Structures are given as C-alpha cells and as structure tokens.
Amino acid sequence: MTTIEREQEQERERERERERGRGREQPASGVPAYDRDLIRALESGWQRRWQEQGLYRGREVGGMPKYYCLDFFPYPSGDGLSVGHFKNYVPTDTLSRYLRMRGHNVLHPMGWDAFGEPTEQFAINTGISPRAATDRNKANYKRQFDLVGISFDWDREIDSSLPEYYRWTQWFFQLLYRKGLAYRDTQWQWWCPTCQTTLSNQEAQDGVCWRGHGGLTKKQIPAWYFRITAYADQLLDGLRDIEWPEPIKLMQTNWIGRSEGTEIRFTTAPREEAGAGAGEGTAGQALPVFTTRPDTVFGVTFMVVAPEHPLVDSLVTADRRDEVAAYVERAKGTSEIDRLSTEREKTGVFTGSYAVNPLNGERVQLWVADYVLGSYGTGVVMGVPGHDTRDFAFARKYGIPVKVVIAPPRWRDGQALPDAYVGPGEMVNSGRFDGAFTAGDWKKLTPLERQEVARVWGLDVAATDARVAATTADGIAAVSDWVEQEGLGRRTVNYRMRDWLISRQRYWGAPIPIVYCPQHGEQPVPESDLPVVLPEMTDFAPDGSGHSPLARATEWVQTTCPVCGGPAERETDTMGGFACSSWYFLRFTSPEYAAGPFDPERMRYWMPVDQYVGGAEHAVLHLLYARFWTRVMYDAGLVPFQEPFQRLRNQGMLVVPTPHRRASQESATEEWVPVTPQEAERLPPDEITMRATKMSKSLRNVITPDETVARFGADALRLYELFMAPFDQEVAWDENGINGTYRFLGRVWELVLRTREEAAGERYDGADEALTRLRHKTVERVTNDLERFRFNTMIAALMEFANALGERYREGRWKSAAFQESVETLVRLLAPAAPFAAEGLWQATGGFGRAAPLPLVAGPPEAPFAPPGSVHAQQWPTWDPALTRDAVVTVVVQVNGRVRDRLELPVEATEEDVRREALSRPRIRELVADPDGAKYIYVKGRLLNIVLGR
RNA sequence: GCCGGGAUGGCGAAAUGGCAAACGCAGCAGUCUUAAAAACUGCGGGCCUCGCGGCCUUGCGGGUUCGAGUCCCGCUCCCGGUACCA
C-alpha cells in the first residue's frame with residue numbers, strides 16, 4: 001500500500017466513524033448517566049439499608065458453613081483513615097460479600113484497639129479527655145468505613161478502652177498470673193524518653209521505639225513481664241500447621257531464635273597477686289557459659305563477662321577497678337544506640353581475674369566486653385579465637401593467644417592461623433578427644449558460606465559435605481557427653497526471645513489488676529472486683545519521675561488487701577496495648593457476653609479465624625503475642641484450638657509519591673528523606689526528587705477516602721484498590737489510575753440499562769455460543785481469582801467481559817438470550833467489588849425482570865426489599881467446566897521455535913489435522929523443504945513446533 | 001554482615017516451560033462539537049522497511065530444553081527484616 005492509498009484508507013475509516021456516530025445519537029435514551037449526582041444518590045442510602053436489613057449480620061444458624069474473615073483491628077487515630085488503609089479493607093470486604101453470596105455465614109467484624117499513646121498525647125495537648133477523643137475518632141472511622149461501603153457487622157463493635165472490655169483483659173492477666181506466666185522483676189529494659197515509658201524488646205527495634213522515637217535508653221525499674229519464653233518451643237512448632245506467608249513464619253522463627261548447645265561450668269581461679277587483689281572475689285566461684293561449640297572448649301584462651309553481669313564487681317581486682325568501672329559505665333549509657341549504629345570494633349577491659357577451664361584445668365584471663373549481652377545465655381562467654389571470628393578479632397586486638405584445636409586442611413601443629421577456622425576437621429590439642437572428627441558449624445552454614453570457607457581454607461565442598469554427612473557422632477556430641485558424664489555441665493537450649501515486658505508508665509491503658517499489701521505482698525485483685533477501672537484524671541502527663549501518672553491518683557491508689565483487708569496500694573502501671581489485642585478476635589464472637597471473656601458456645605462456632613489480613617509489621621508483635629495467649633488459653637481449657645489464625649495474608653503497602661531531599665548536606669550520601677510540599681518549595685529543584693513513601697499526616701501527603709469518594713464514588717475507589725496491583729505488593733497511588741475504574745463502571749452502567757431499555761422487556765432466544773463460553777470462562781476466572789486473593793486479575797477479567805459485551809452492543813449483535821444472561825451475570829460478579837453500582841443496576845432492572853424496577857435517583861425506598869431482594873443476597877453464578885473452553889482454538893505454528901503462522905481450528909482437531917493444515921500453508925511449505933525429515937512437537941490446541949534437522 | 005522478597009513498555013501490571021506485554025493509566029491520531037471538556041474509535045516495546053515482512057527485546061553473564069520472563073548456576077541493583085545471640 002502506498003502512502004496515498006493509506007491516506008485514502010484512513011479517510012474512508014473516518015467516514016465510517018461518522019456513520020456510526022450518527023447511528024448512536026438517535027435514541028435519546030432515558031438512561032441516567034453514571035455521574036456524580038447519580039453516584040451520590042446511589043451511595044447515600046444503600047449502605048444504611050443493607051445494615052438495617054441485617055445483610056451484614058454474622059448469623060449462627062445451622063446448615064450453612066461459617067467463615068470468619070478478620071482485619072487487624074485498628075487504632076482509631078485522630079487523623080482518620082486514608083485510601084491506604086483500604087488496601088486491605090476492600091479486599092476482605094469483597095471476599096466477605098462473595099462468601100455471603102456463596103451461602104456462608106460470614107463473620108466480618110470491626111472494633112477499636114483504642115488504648116494508646118497518641119490519643120493520650122492529644123489529650124494532654126488539647127485538654128480533651130482521651131475518652132472523648134477516642135469516641136470522636138471511632139465515629140469518624142466508622143463514617144469512613146460506611147462511606148466506602150465496607151460490610152462490617154456493627155452489632156459486634158468492640159472497644160478495648162471500655163471497662164466492659166478491659167475487665168477481661170485484666171481477667172486474662174490474672175489467668176497468666178495464676179499460671180506463673182506473669183511476674184514482676186527489676187531488669188535493665190528499654191525506655192523511651194519521649195513516651196516516658198518502658199517498652200518491650202519487640203517494640204524497641206533498631207534503637208527506635210515503635211512509635212518512631214529515637215534516642216532510646218535503658219532503665220532499671222520494677223516492671224511486669226509475661227513469660228512468653230515458656231512457650232518458645234510451642235510457638236515455633238505451631239508454625240508448621242498454619243497457612244501463613246513464609247516470610248512471616250521465618251521472622252517469628254528467627255525472633256524466637258532457638259539454639260541448642262551445652263552449658264559448661266567454668267570457675268574463678270585463685271588470686272595470685274595478694275597485694276593487688278583486695279577484691280572480695282574468691283576462688284571457685286561458678287562461671288557457667290553457654291556454647292554451641294563444646295568441641296572447641298580446649299581452645300579457650302580467655303573469658304568474657306557482660307558489663308551488666310552482677311559478678312563484675314566481685315571479679316575485678318583493685319588495681320583495675322577504675323578502668324573497669326569507667327568501661328561499664330560507658331557501656332550502659334548511650335552506647336546502646338552506638339552498638340546498633342555500625343559494626344564497630346570490639347572493645348573490652350581485663351578484670352585482673354582468671355578463670356579455670358574445667359576440661360583441661362587451664363587458667364585464662366577474664367575480661368569485660370560489651371559484645372557479650374547480659375540477657376542472653378549466662379552472660380558469660382568462653383573465648384575461642386582459633387575457631388570463632390568474633391573471638392579472633394578480639395584476641396588479636398588485645399594480644400591474647402590463639403590456640404588451634406580443630407586442624408584446618410594441611411595445617412601443621414604450631415602454625416599460626418591467618419583467621420579463625422570455622423570449618424570441620426580433626427580435633428587436636430584436645431586431650432582425650434584428639435583425633436576425633438568434628439563437623440563444627442558446617443551443617444549450619446548456608447551453601448554460600450560453605451563455599452567461602454572452602455575457598456579460604458582450600459576445602460572441597462562436596463567431599464566435606466560427604467564426610468560431615470557420614471559422621472554420626474562428631475566432636476560436639478562427644479564433648480557434650482563427656483561434660484554431662486563428668487558433671488561439668490549439661491546440654492541446654494537457649495532462645496533469643498525474651499519475656500514480654502507489659503508495664504507502661506502511662507495513663508491511657510488497662511490498669512494492671514494487682515495490689516501491694518505490706519503484710520501479704522503482691523496480690524491479684526479478686527475476680528469479683530474486676531474491672532479495676534481507670535480513674536478519671538485531668539492531669540495525666542508524665543512528670544519525668546519514671547512513675548506512672550496513676551501514682552498521683554492517690555485516692556485510687558489507696559485500697560485494701562484482698563487477704564487481710566488492711567490498707568494496700570494498687571499497681572500504678574498500665575498494660576501495653578498488645579495485651580488488649582491478644583484476645584480481641586475472641587470477643588467478636590460474643591461481644592456483649594458478661595459471664596466471661598466470650599461465650600464458649602459461640603466462640604466454638606466461629607473460631608478459629610478462617611482468614612486474617614493485616615500488615616507484616618506485626619510479624620513479631622501482635623501476631624506472636626496473640627498466638628502465645630491462645631496457647632495459654634488452650635492449656636487452661638478455655639479454647640479447643642492452639643492456633644487462632646488459620647490463614648494469614650499481608651497486604652502490600654500503599655505509598656504515595658512524595659518529594660524527598662538529601663539526608664545530609666554532603667552530596668556524597670545517597671540517603672533521601674521525605675519532606676512536605678511546603679518545604680520542597682523552598683529548596684532548589686535539583687535538591688528534590690520524587691519518591692514513593694508511606695502516607696503520613698506530618699508529610700501532608702495523605703489521600704483520604706472522603707475526597708476520592710466525592711470525586712469518583714466508592715465503587716470506583718474500591719475497584720481501583722483491587723485493580724492497581726497484586727494484593728500483597730507495595731504500590732504507589734496514581735491520581736489518574738482511578739479514572740480507569742470509574743470509566744469502566746460508567747460503561748457497564750450504560751450498557752446494562754441501555755440494553756434493558758432498548759429490549760423493552762422482550763426476551764430474545766438467539767444463541768451466541770462464543771459469548772456463552774466467555775461467560776462461563778469469566779465466572780470461573782473471577783471465582784478462582786477472588787478465592788486466591790488475585791483481585792487485580794479478577795477485575796481485569798470483568799473488564800474483558802464487559803468489553804466483549806460492549807463490542808456486541810455497538811455492532812448490533814446483542815439481541816440474544818446469551819447476551820441478556822451475560823449482562824445479568826456481570827452484575828452479580830460485580831456485586832462484591834462494586835456493591836453500590838451492582839445494587840443500583842439490580843434494582844433498576846427489577847432484578848432483571850423478577851420484580852418491578854425501582855426508581856434510581858430517588859434513592860433506596862424505606863420498605864423492605866421486594867423479592868428477589870438485594871443483589872447481595874443473590875446466588876453467586878456458577879459455571880460449566882465444559883463451556884469454559886473456546887470452540888475454536890488458535891494453534892501457533894513454529895519453525896525452529898519461531899512463530900511463522902497461526903491456524904484457527906476447531907478444538908477437536910487432532911495433531912494429524914494440525915500438521916496437515918500447517919503444511920498446506922504456503923509460508924510454512926516454503927520454510928519446510930523436507931516435511932518428512934522434520935521433527936514435530938505438538939502441544940494440544942496451542943502450538944506445533946516444526947524442528948528442522950541441521 | 002546474615003535472612004527474606006523483587007527487577008517485564010513512558011507508568012501500574014499480565015503470562016499451568018508454549019503467540020511476551022492481557023487489563024488499565026498516561027500519550028498520539030481521529031469521530032462528535034462553533035470550540036473545549038466528556039464520551040467514543042483506532043494506534044501504541046525497539047531497530048530496519050513505502051509496504052508485505054524481517055531482526056532484536058523480560059536487570060547482566062552462562063546453562064538445561066524442540067522451546068525459558070518462567071527451571072538451574074554465577075553476578076548487579078532495589079526493597080523489607082535483623083543486628084555481635086556465644
């Protein structure tokens with residue numbers, strides 16, 4: 001075709017378009033446009049109507065399967081909800097609505113994790129009581145949920161800050177107390193100077209508190225702990241039986257950090273220098289150490305004690321006292337943050353004392369160093385520089401000898417090591433164990449680490465693997481056996497996880513239900529006296545004393561001892577919010593129940609949660625705590641299951657493009673920090689770059705559902721939340737993207753109502769087999785995608801289906817039964833994701849002829865739904881597997897793997913048919929000179945690859 | 001450092017080992033309109049070509065296979081988790 005011909009062709013195309021345009025104009029249709037006014041009318045009343053009709057109510061009726069679909073219950077913040085929050089609320093709502101249509105009893109509740117620091121801070125700043133602020137925030141959240149059409153069962157709303165609720169949080173505290181799982185202790189713990197409270201380890205990661213405050217320090221004050229470590233193994237093992245994302249399971253596994261090893265009892269050595277050693281330390285003081293490498297114990301050349309270890313004072317000799325004291329002081333102070341900042345060099349000081357190795361009687365130096373933690377193992381570590389990289393670095397720095405006890409390949413006795421040898425080998429210089437083979441840490445190394453060790457030391461990975469695999473009892477087992485046999489120690493297990501610190505020195509929380517009596521010590525408040533109600537106070541700002549503000553409520557503090565009736569004082573700390581959220585999912589089953597935390601019968605009906613959805617940031621917080629409490633309840637016979645959440649999904653975060661500036665003035669750093677638009681204005685453009693970051697009020701980049709719904713309607717927002725990216729993937733909000741789902745709804749709206757109007761009640765009987773097949777295929781796709789949380793492709797399938805219908809309408813091929821059926825199916829399939837538009841279409845068509853159509857713009861009527869009722873009470877469409885495949889297939893013909901032709905063939909065509917057809921094509925014949933000498937690869941209904949010999 | 005996840009058009013993405021880019025956004029052209037917007041139709045990875053068509057293309061380098069975005073090996077970069085755990 002020449003250029004001129006092409007232009008002529010384009011001109012003809014334009015002419016055809018003009019023709020089509022003229023045709024479209026004619027029927028001045030009475031179909032109301034899908035615009036703001038219509039959307040407002042649709043959305044103004046249906047949500048209330050559905051609620052009044054009890055459509056969202058979780059029913060406990062027989063004959064239907066139950067499904068408990070739960071979102072993490074939110075903290076009702078003064079900032080309200082953003083469109084980011086709906087990245088998980090819309091999918092769970094879509095799933096819930098779908099399951100109702102599938103005939104399930106669905107429990108989809110919502111409540112408030114209402115205790116917490118931001119509300120309290122807000123109250124301090126404004127003088128508005130935390131109660132009033134919480135109630136206001138709740139009402140706002142609820143309004144926003146309704147705005148977006150979320151189908152929560154509000155009859156089951158709960159609020160963790162109400163006495164009816166926290167009464168049972170306190171009750172559970174006492175259950176833990178009775179079981180010996182709650183105890184008071186004075187330990188070094190994280191302290192946030194901004195929040196003025198202690199924090200659990202989980203809440204204090206990276207030296208920054210979970211609310212985002214840096215500059216954490218350590219404090220030693222009495223506090224309450226939950227003994228979660230008693231359940232470490234159970235919490236680890238239980239991960240096997242639940243369908244959670246693997247990364248979350250792994251994070252919990254690492255957090256628990258189970259480590260098998262041996263405790264070996266070293267002792268202090270007698271002092272030598274009588275003159276200098278005026279210390280009170282005595283010889284023979286036990287110094288147990290925990291090690292995973294007992295096979296290296298003959299290589300110990302020093303010992304290290306943690307700075308915070310209680311024995312430090314008695315170990316240090318007089319001449320070293322000042323130096324050690326200064327070091328310990330430095331280690332305790334701000335160094336906690338420094339420790340985290342970089343991989344800094346190891347430091348330590350010699351105490352002047354010595355320890356004795358019980359296996360060979362050797363005398364070694366005792367050091368203090370902050371790389372040893374007081375809270376892990378025994379707080380004392382044996383130093384084996386020959387076979388531990390960290391000990392090697394320490395020994396080299398301080399001139400401590402290195403002793404080889406596991407022979408590296410081609411090593412000769414007396415030879416110095418260039419680095420710690422961590423590979424397997426024969427034990428040497430180890431007394432009775434000389435000559436034994438030890439695998440060391442080989443099995444624990446990753447393949448990459450093995451390669452690295454092999455490279456440095458000239459090992460053969462495969463041969464070493466084989467040797468290690470063939471060794472049944474290696475050095476580790478042999479030394480451990482000997483240690484136990486000789487009574488020098490025992491095998492033991494250590495965990496990285498610490499007990500859960502629950503005390504908070506803050507006002508807005510559930511009071512810890514304990515009183516202190518001068519005669520009877522700490523006593524739990526009797527169950528009949530629960531709840532211990534949080535006293536009303538006007539001034540509850542932390543005063544810097546390190547005590548809870550509740551200590552100033554003197555009347556409240558003064559109480560009587562439950563044992564003797566004499567005067568006693570209340571515990572003034574409150575519980576951290578994670579206590580409240582550790583059992584809330586049970587309360588939803590029977591929120592008004594007064595005789596216990598939950599009604600056992602209804603709990604048994606609904607639990608465990610079938611689908612739980614929330615952010616991954618709670619991997620080792622809420623998700624671990626709730627599992628722990630559930631196991632305690634199981635052991636107490638309160639619940640019949642050990643895991644509360646059978647299936648868990650983490651939604652991806654919704655981020656928003658935000659200006660960033662360089663973190664520091666030196667352009668060498670490539671760190672960028674987000675700034676407000678106002679701040680960005682003041683900076684030169686080349687100092688600013690756009691990056692996606694989490695929505696936050698302080699950055700003024702929050703997009704609210706209010707503004708989005710006002711512009712596009714709830715349904716367009718909902719569809720966009722589902723469509724924009726895979727459910728579990730982080731995605732940036734795109735202002736324009738929502739146009740697509742909005743237009744899609746408009747097209748569906750017009751298509752459905754126009755064809756109804758033009759058909760004017762007539763029923764067509766014409767067939768459209770291709771469309772029927774597409775309908776079945778679409779129902780299958782949408783159903784499968786929905787159940788697999790593949791909401792983005794589910795919406796794409798609906799769009800494709802609607803596009804096919806639209807095409808038929810434009811081409812005038814829509815007067816068929818298949819078309820009418822397809823339109824109705826589309827509306828049903830749309831109902832879970834776009835509830836308002838689907839209901840509008842359903843009612844405006846009278847349920848596709850089942851009832852009299854309702855007027856649209858007037859809004860929903862007050863009377864109950866006429867049969868057949870709401871679209872959300874309809875049955876989910878079904879599909880026939882035989883009709884989900886096309887009758888005609890496109891078979892791709894490849895020659896040597898390159899596509900050369902396509903054949904349209906009936907689905908039942910055999911390989912023989914395909915081959916014959918392919919070879920009859922001129923293009924293929926041209927390329928295949930010798931059909932008999934070629935090799936044919938056939939994939940049924942898809943592809944024929946003709947491979948020519950070379 | 002260690003552990004985990006990821007990298008596909010201008011953008012969000014799709015693709016049981018079998019036609020890469022479905023669906024959508026933005027863009028361009030057109031229809032309608034006095035005009036614009038909206039709506040609708042068409043185009044839409046790169047290179048060569050008037051065109052038919054051809055070649056290249058899923059972060060980089062290898063491999064397995066008739067055939068690789070997909071599986072295997074090695075690397076680079078990005079994101080998340082973790083922080084001396086003896």
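Only heavy atoms go into these numbers, but all of them, side chains included; no hydrogens, no water, no symmetry mates. What you are looking at is a predicted structure, and each value in this text was computed from that prediction instead of being measured. In what follows, chains carry the letters A, B, and so on, assigned in the order in which the sequence lines appear, proteins first and then strands, with residues in each chain numbered from 1.
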Given [options], the nucleotide with the shortest approach to the side chain of [X]:
X	options	value
A:Ala796	B:rC25, B:rC23, B:rC40	B:rC23
A:Thr890	B:rC19, B:rG4, B:rC23	B:rC19
A:Leu943	B:rC23, B:rG18, B:rA83	B:rG18
A:Phe290	B:rA14, B:rC40, B:rA86	B:rA86
A:Arg790	B:rA15, B:rG24, B:rC3	B:rA15

Listed pairs, N/O of protein and of nucleotides 8-12 of chain B, under 3.5 Å:
from: B:rG12; atom 1: O2'; to: A:Met724; atom 2: O; distance (Å): 2.3

Give the rounded distance in Å between these two atoms: [atom1] of [X] and [atom2] of [N].
X	N	atom1	atom2	value
A:Leu948	B:rC66	CG	P	14 Å
A:Glu800	B:rG24	CD	P	8 Å
A:Tyr742	B:rA37	OH	C1'	13 Å
A:Asn792	B:rA15	CG	C1'	12 Å
A:Lys346	B:rC84	NZ	P	9 Å
A:Leu654	B:rC79	CG	C1'	16 Å
A:Arg496	B:rG81	CZ	P	14 Å
A:Tyr34	B:rA38	OH	P	18 Å

Distance below 4.0 Å between [X] side-chain N/O and [N] OP1 or OP2:
X	N	value
A:Arg942	B:rG17	no
A:Ser375	B:rC85	no
A:Arg743	B:rA39	yes
A:Asn254	B:rC2	no
A:Arg810	B:rC40	no

Practice item. Return the set of residues passing ring pair (Phe, Tyr, Trp, His ring centres under 6.0 Å) with A:Trp442 (not counting sequence neighbours), or none when no residue passes. Key: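 Partners of A:Trp442 under the ring pair (Phe, Tyr, Trp, His ring centres under 6.0 Å) test: none.
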Distances for protein N/O vs nucleotides 53-59 of chain B N/O pairs under 3.5 angstrom?
from: B:rG54; atom 1: OP1; to: A:Arg900; atom 2: NH1; distance (Å): 3.3
from: B:rG54; atom 1: OP1; to: A:Arg923; atom 2: NH2; distance (Å): 2.5
from: B:rC55; atom 1: OP1; to: A:Arg900; atom 2: NH2; distance (Å): 3.3
from: B:rC56; atom 1: OP1; to: A:Arg898; atom 2: NH2; distance (Å): 3.2
from: B:rC56; atom 1: OP2; to: A:Arg898; atom 2: NH1; distance (Å): 2.8
from: B:rC56; atom 1: OP2; to: A:Arg898; atom 2: NH2; distance (Å): 2.8

Could you measure between the two [atom1] atoms, the one in [N] and the one in [M], and give it in whole Å?
N	M	atom1	answer
B:rG42	B:rC78	P	42 Å
B:rU57	B:rC19	C1'	15 Å
B:rG67	B:rC23	P	30 Å
B:rC48	B:rC66	C1'	29 Å

Point to revise | N/O donor-acceptor pair, side chain A:Asn945 with base B:rC66, under 3.5 angstrom | key: yes
Practice item. Spell out yes or no: do the side chain of A:Arg498 and the base of B:rC85 have one donor N/O and one acceptor N/O closer than 3.5 Å? Key: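 When only heavy-atom distances are counted, A:Arg498 does reach the base of B:rC85 through a donor-acceptor pair under 3.5 Å.
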Check your understanding: Are side-chain N/O atoms of A:Tyr371 and A:Asp391 paired as donor and acceptor at under 3.5 Å?
Key ->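 Side chains of A:Tyr371 and A:Asp391: pair found under 3.5 Å.
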Exercise for review: Check the side chains of A:Thr262 and A:Arg490 for a donor-acceptor pair under 3.5 angstrom, ignoring hydrogens and angles.
Suggested key: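 Not at all, the side chains of A:Arg490 and A:Thr262 share no donor-acceptor pair under 3.5 Å.
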**Study point:** Touch class at under 4.0 angstrom, heavy-atom based, for A:Gln894 against every strand present
**Key:**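 Contact class for A:Gln894: base.
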Practice item. Remember a base hit wins even if backbone is also touched, and classify A:Asn739 as base, sugar-phosphate or nothing at under 4.0 Å, heavy atoms. Key: sugar-phosphate
Practice item. Would you mind checking if A:Arg921 and A:Asp901 are paired as a salt bridge, meaning a charged N to carboxylate O distance below 4.0 Å? Key: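 Yes.
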Point to revise | Set of residues satisfying side chain to side chain donor-acceptor pair (under 3.5 Å) with respect to A:Asp233, sequence neighbours excluded | key: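 Per chain and number, A:Asp233 pairs via side chain to side chain donor-acceptor pair (under 3.5 Å) with A:Arg258, A:Tyr495.
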Practice item. With sequence neighbours left out, write down each residue that passes side chain to side chain donor-acceptor pair (under 3.5 Å) with A:Asp734, or none if nothing qualifies. Key: none
Revision key, fill the gap. Walking RNA chain B from its 5' end, the first of A:Arg902 and A:Asp388 to be reached, judged by nearest nucleotide, is A:Arg902
Exercise for review: Could you tell me whether A:Arg790 sits above the aromatic face of A:Phe727, with NZ or CZ closer than 6.0 angstrom to the six-membered ring centre and within 45 degrees of the axis?
Suggested key: no
Practice item. Examine A:Arg915 relative to A:Tyr936 and say whether NZ or CZ is less than 6.0 Å from the centre of the six-membered ring and inside a 45° cone about the ring axis. Key: yes
Check your understanding: Just how far is it from atom CZ of A:Phe801 to atom NZ of A:Lys777, taken to the nearest 0.5 Å?
Key ->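 Between atom CZ of A:Phe801 and atom NZ of A:Lys777 there are 11.5 Å.
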At a cut-off of 3.5 Å, list every protein nitrogen or oxygen paired with a nitrogen or oxygen from nucleotides 63-65 of chain B, distance to 0.1 Å.
none

